[in-house]
Amino acid sequence: MTRSKQPLEPVTPGKVGIYLCGPTVYKPSHIGHMVGPVIFDVIKRYLTYRGFDVTWVVNITDVDDKLIVESNQRGISIQALANEMIADYMTNLAAMGVDTIDHFPKATDNIDAIIDFISRLIDKGFAYAADGDVYFDVGKDSAYGKLSGRSLDSVQGEGGETADRKRSLADFALWKSAKPGEPSWESPWGPGRPGWHIECSVMSQQILGETFDIHGGGLDLVFPHHENEVAQSECCHGKPQARYWLHNGLMQAGGETGKVGGRSTRAADAATEVPAGAPAEGDAEAQEAGKLGKSKGAAPFSELLKKHAPETIRFLLLSNHYRRPIYFSEQRLEEIAASLETFYRYFKRYERVTGESFYALDAAAGSVTTDNSDETQAEVSRLRQRFLDAMDDDFNTGAAIGDLFELVRALNKYVDQHALEAADAPPAEKLATLQQGTSVLRELASILGIFRQPVQSAGGGDDALTGELVALLVKLRAEARADKNYQLGDRIRDGLQELGVTLEDRADGTEWTIQR
RNA sequence: GGCGCCGUCGCCAAGUGGCUAAGGCAGCGGAUUGCAAAUCCGCCAUCGCCGGUUCGAAUCCGGCCGGCGCCUCCA
């Protein structure tokens, strides 16, 4: 509520309760729906790493006008629709590596509690029933508007057919009476269903308590959703609902060049200089910038997953500070994928040198950095500390990732300096230093929830035959080179390169990778 | 119109009063390599514009320009 960073002081020392507003399950999720979960997954991982006992709740809103409309259009029940979209959401979360959510409460599982909650608000005079509807009376809440920073008279409120039942247009529905054919539950005010905001007030309180620590959601939810939620909760029990509010920036659909909106006026300038109808049009969809959402028709997340590795998408979401908007484009994802190769190549290199898989390293073992007499060890512990400082500063994952790149460079340098890759039997203490430094990388990466599993092996081809064919060409090239027939060898290599196969000659043979 | 956010290297992106303005992608030079690839080393920005506060500002204040979000469903 202070609109500033504050030190974390949990309600209960050592424990942290987090509530993140989840999806209304009426359509397949798009990439925007993954932003909050990925960010809070990292937040939970970090707080857990720091020794807190964290409980994280993500609600599922499975009854709402939008579900009714969509289910009618498709001719299925809202339960069937909800189940289908929940399954889609869960699949997408799993792909993103978000597996730290403790509770997924559903609105329809908590109707009784919602009715109780509304009754209490009526009893306290903060809400009133009208023709089967129940509305929250914003005029009774002197604090209304404190979260989003707006004054009551600046709130328009929704008009429409219910306008005449409300005391003020800014009042919002806690309970909506059912029209014929609509799903409904019995209540003291007649058959109906919950309004949009009430489920979050109720379910957060049920699981995390009246006052909990962190409430999150997209920036677009600040008003009216969170404003109304705070109003309901705090009028109901008279205590603060959440101690800290974290709102993530929204995903912006970017153009092909990655230049979006205000990031560069040059694109706009150039456009005005170009005669209408000339080049620039290209791909109208890609030129458009703005928030993703149903109005923009963002692609289902499952489609995106077909084209890009999950880890690439996760990395994109963590590559800047969570409060800032994320500019999304195909080109951006390709750049991210290219930068990730630096890590993947190091992991393979580490395995060549030590015979041990990076992924087998113990993520918890990285913390022991005692000997700083060695230059590399000193650098590793310096970067580790900088990473943790960045995370302490409002979960600055963008800065933290920068430290990861510096860390991998320090480790590559160490391998180079001591020629560990060339040596038949590298000195044990050198290997120990390398292993120690690499386990720090593993430790820090696990906080971000990245590099947890090997990505599909970069060797190997689309199918077995491709792999065998490449292997055959590599063998032929090796024979040509053995005969000093470099011309033929290079022709094979260049030809493969044109097909997207890159060869790397090493002391112990030739390694190859396919870019797709 | 009201409320809020933002403008840092070709692109992405840290930094919000004082070390040489992180890091990535792209690019250039070098080491290495038969040549490459990979790796390492080096080079590559005075922070939208104007004015002010200050010993000192990308960082604070004011104005301007540009962009975005919310005010109606949206993570």
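It should be emphasised that the depicted structure is a prediction, and the values quoted were computed from it without experimental measurement. To find a chain, count down the sequence lines: A is the first, B the second, and so on, and within it residues start at 1.
The nearest whole Å value for the distance from the CD atom in Gln331(A) to the P atom in G10(B) is 15 Å. Summarising the geometry, the separation between NE2 on His225(A) and P on C71(B) is reported as 13 Å, rounded to the nearest angstrom. Rounded to an integer number of Å, the gap from CG of Asn228(A) to P of U72(B) is 11 Å. Taking atom OH of Tyr346(A) as the reference point, atom C1' of C40(B) lies 14 Å away to the nearest angstrom. At whole-Å resolution of the value, CG in Asp88(A) and C1' in A75(B) are 14 Å apart. Protein atom NE2 of His30(A) is 7 Å distant from nucleotide atom C1' of A75(B), rounded to whole Å. The CD atom of Gln252(A) sits 12 Å away from the C1' atom of C70(B) (whole-angstrom rounding). Between the CG atom of Asn485(A) and the C1' atom of C35(B) there is a distance of 13 Å, given to the nearest Å.
Between A26(B) and G18(B), the two P atoms lie 33 Å apart (nearest whole Å). Distance check on atom C1': A58(B) versus A22(B) gives 14 Å, rounded to whole Å. One C1' atom belongs to A45(B), the other to U53(B), and the distance between them is 26 Å to the nearest Å. Comparing the C1' positions of C6(B) and C41(B) gives a spacing of 37 Å, expressed to the nearest Å. With P as the reference atom, C11(B) and G52(B) are 30 Å apart, rounded to whole Å. If you take atom P in G48(B) and the same atom in A14(B), they sit 15 Å apart, rounded to whole Å. Of the C1' atoms belonging to C70(B) and C9(B), the separation is 32 Å, rounded to the nearest Å. Comparing the P positions of C60(B) and G7(B) gives a spacing of 10 Å, expressed to the nearest Å.
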Taking only N/O atoms, report every protein-nucleotides 14-23 of chain B pair under 3.5 Å with atom names and distance.
residue : atom : partner   : partner atom : Å
A14(B)  : OP1  : His321(A) : N            : 2.5
A14(B)  : OP2  : Arg324(A) : NH1          : 2.6
A14(B)  : O3'  : Asn396(A) : ND2          : 2.7
G15(B)  : OP1  : Asn396(A) : ND2          : 2.4
A22(B)  : O2'  : Arg386(A) : NH2          : 3.1
A22(B)  : O2'  : Glu406(A) : OE2          : 3.1

Show the distances under 3.5 angstrom between N or O atoms of the protein and N or O atoms of nucleotides 27-32 of chain B.
none

Atom pairs, protein N/O to nucleotides 36-38 of chain B N/O, distance under 3.5 Å:
residue : atom : partner   : partner atom : Å
A36(B)  : N6   : Asp505(A) : O            : 3.4
A36(B)  : N1   : Asp505(A) : N            : 2.9
A36(B)  : N3   : Arg493(A) : NH1          : 3.2
A38(B)  : O3'  : Arg345(A) : NE           : 2.9

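Each of Asp416(A) and Gly217(A) was assigned the nucleotide of RNA chain B with the nearest heavy atom; the assignment lying further toward the 5' end belongs to Asp416(A). Nearest-nucleotide positions on RNA chain B place Ala338(A) closer to the 5' end than the other of Met34(A) and Ala338(A).
Judged as a side-chain hydrogen bond (donor to acceptor under 3.5 Å, both in side chains), and not counting sequence neighbours, the contacts of Glu511(A) are Lys348(A), Arg352(A), Arg506(A). Considering only residues two or more places apart in sequence or on other chains, Glu182(A) meets the side-chain hydrogen bond (donor to acceptor under 3.5 Å, both in side chains) condition with Arg193(A). Applying the side-chain contact (heavy atoms from CB on, under 4.5 Å) criterion to Asp141(A), with sequence neighbours excluded, gives Phe136(A), Ala143(A), Tyr144(A), Ala231(A), Cys235(A). Applying the side-chain contact (heavy atoms from CB on, under 4.5 Å) rule to Ala480(A) yields the partners Asn485(A), Leu488(A); only residues at least two apart in sequence or on another chain are considered. Considering only residues two or more places apart in sequence or on other chains, His33(A) meets the side-chain hydrogen bond (donor to acceptor under 3.5 Å, both in side chains) condition with none of them. Partners of Thr24(A) according to the side-chain hydrogen bond (donor to acceptor under 3.5 Å, both in side chains) rule, which considers only residues two or more places apart in sequence or in another chain, do not exist here.
Inspection of the Gln232(A) and Asn228(A) side chains reveals no N or O donor paired with an N or O acceptor under 3.5 Å. A donor-acceptor contact closer than 3.5 angstrom is absent between the side chains of Tyr19(A) and Glu229(A).
In terms of heavy-atom proximity, Thr376(A) sits nearest to Ala410(A) at CG2-O, 4.3 Å.
Using N1 to N3 plus N6-O4 or O6-N4 for Watson-Crick, or N1-O2 and O6-N3 for G-U wobble, each under 3.5 Å, G17(B) pairs with nothing. Applying the Watson-Crick and G-U wobble criteria (two distances, each under 3.5 Å), U39(B) pairs with A31(B). A45(B) makes up no base pair with any nucleotide shown, lacking Watson-Crick or G-U wobble contacts both under 3.5 Å. Pairing partner, G7(B): C65(B), with both Watson-Crick or wobble hydrogen-bond distances short of 3.5 Å. Base pairing of G1(B): its partner is C71(B), meeting the Watson-Crick or G-U wobble criterion (both donor-acceptor distances under 3.5 Å). Judged by Watson-Crick or G-U wobble contacts below 3.5 Å, the nucleotide A22(B) has no partner.
Counting non-hydrogen atoms under 4.0 angstrom, Gly489(A) reaches nothing in the nucleic acid. As judged by a 4.0 angstrom heavy-atom cut-off over every strand, Ser29(A) is placed among residues making no nucleic acid contact. Note on Asp490(A): a base of the nucleic acid sits closer than 4.0 angstrom, heavy atoms only.
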Which atom pairs, one a donor and one an acceptor, fall under 3.5 Å between side chains of residues 97-108 of chain A and the rest of the protein, sequence neighbours left out?
residue   : atom : partner   : partner atom : Å
Asp99(A)  : OD1  : Arg45(A)  : NH2          : 3.0
Asp99(A)  : OD2  : Arg452(A) : NH2          : 2.7
Thr100(A) : OG1  : Asp41(A)  : OD1          : 2.5
Asp102(A) : OD1  : Lys44(A)  : NZ           : 3.2
Asp102(A) : OD2  : Lys44(A)  : NZ           : 2.8
Asp102(A) : OD2  : Trp56(A)  : N            : 2.7
Thr108(A) : OG1  : Asp62(A)  : OD1          : 3.4
Thr108(A) : OG1  : Asp62(A)  : OD2          : 2.6

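Distance from the side chain of His33(A) is smallest for A75(B) among the nucleotides C25(B), A75(B), C73(B). Side-chain proximity of Thr342(A) to the nucleotides A75(B), C11(B), U39(B) is greatest for U39(B).
Distances shorter than 4.0 Å separate some side-chain N or O of Lys413(A) from OP1 or OP2 on C41(B). Contact check, Asn248(A) against A75(B): no side-chain N or O comes under 4.0 Å of OP1 or OP2.
Between Leu317(A) atom CG and Met96(A) atom CE the span is 7.0 Å, to the nearest 0.5 Å.
Comment: Asp393(A) engages Lys5(A) in a salt bridge, judged by a side-chain N to carboxylate O separation of less than 4.0 angstrom.
The stretch residues 404-414 of chain A participates, sequence neighbours left out, in these salt bridge (Lys or Arg N to Asp or Glu O under 4.0 Å) pairs: Arg386(A)-Glu406(A). Counting only residues at least two apart or in different chains, ring-ring contact (aromatic ring centres under 6.0 Å, His included) contacts with residues 377-418 of chain A comprise Phe343(A)-Phe405(A), Tyr414(A)-His418(A).
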